[in-house]
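Atoms within a ligand are numbered from 1 in the order they appear, just like the ligands themselves.
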Amino acid sequence: MRKIAILSVSLICASFITNAQTPEKMRPEETEFYLPIPPVITPGAAYGDAPSDAIVLFDGTNLNQWISSKDSTAAKWTVADHAMTVNKATGDIQTKRTFTDYQLHIEYRIPANITGSGQARGNSGIFLAALPWGAGGYELQVLDNYKNPTYVNGQAGSIYKQSVPLVNACRKPGEWQTYDVIWTAPQFNSHGVLKSLARVTVFHNGILVQNNTNVLGDTPYIGQPSYRKHGPAPIKLQAHGDKSEPISYRNIWVRPL
Ligand code: MG
């Protein structure tokens with residue numbers, strides 16, 4: 001019995017020694033590879049500037065990349081001073097192009113003279129995939145929540161009525177603010193059954209507010225989120241019906257992933 005115990009201990013020790021020696025037998029080159037080579041791009045000169053491989057959706061001069069969501073005619077928001085301003089009378093606008101997974105940069109400004117409270121204060125939104133049914137897609141909320149409380153899963157940086165932002169990173173009205181978004185679209189099988197949830201990461205003014213968040217479905221005002229099969233979709237900007245002064249957007253670009 002004692003011999004067996006000694007033998008076992010010897011075998012275990014030998015095993016440890018062998019394992020400890022294994023990495024030394026590998027050459028560094030065995031864990032290095034050279035393909036595929038990542039494409040070379042040129043980053044923007046400053047934070048927020050479009051990199052060389054971005055699709056510029058709005059450069060401050062025109063709405064050529066956008067159409068009205070309700071009738072697909074030319075977008076009718078106001079363009080001035082290198083910004084586009086919501087036209088509540090003509091409604092939401094959306095991109096002509098469609099996207100699946102992407103990186104998005106977008107900037108917005110709540111007017112300095114904004115009025116209203118709660119959800120009726122600079123309400124807009126970025127539908128990360130615009131859909132022609134239900135809630136109209138998956139909304140990243142845009143709202144003035146600088147000292148303006150509302151339900152927390154509906155404040156700026158939330159996935160509307162689903163996911164509370166990690167922090168409130170709002171700047172004051174009158175200041176330009178940024179969202180940087182990584183969107184991973186939901187996947188469906190050929191029968192329309194959901195294979196994987198959408199996921200979203202959001203930086204608000206450079207601060208992480210959604211960290212690879214699972215998106216549970218579309219984002220209705222009333223009711224639970226749900227999914228319906230879709231493919232590549234436009235990005236939509238909301239013209240919310242509240243009575244507060246319309247907000248503006250600028251410097252919008254996207255990188256399909
Ligand atoms: Mg909204």
Item to check | Flag, side chain of Gln119 to backbone of Gly154, donor-acceptor distance under 3.5 Å | outcome: yes

Checklist entry - Quick check: does Gln119 have an N/O/S atom under 2.8 Å of the Mg ion (ligand 1)? => result no

Next on the checklist: At less than 2.8 Å, would any N/O/S atom of Tyr160, backbone or side chain, sit next to the Mg ion (ligand 1)?
Outcome noted: no

Next on the checklist: Enumerate the ring-ring contact (aromatic ring centres under 6.0 Å, His included) contacts for residues 24-65, please, sequence neighbours excluded, ordered by first and then second residue.
Outcome noted: Tyr47-His105

Checklist outcome for this item: Taking the Mg ion (ligand 1) as the apex, O on Ser124 and OE1 on Gln141 give an angle, to 10°, of 80°

Item to check | Side-chain donor/acceptor of Asn145 to backbone N/O of Ala156, under 3.5 Å | outcome: yes

Checklist entry - Tell me, which N, O or S atom in Glu139 is closest to the Mg ion (ligand 1)? => result OE2

Next on the checklist: Any heavy-atom pair between the side chains of Gln94 and Ile67 that's under 4.5 Å?
Outcome noted: yes

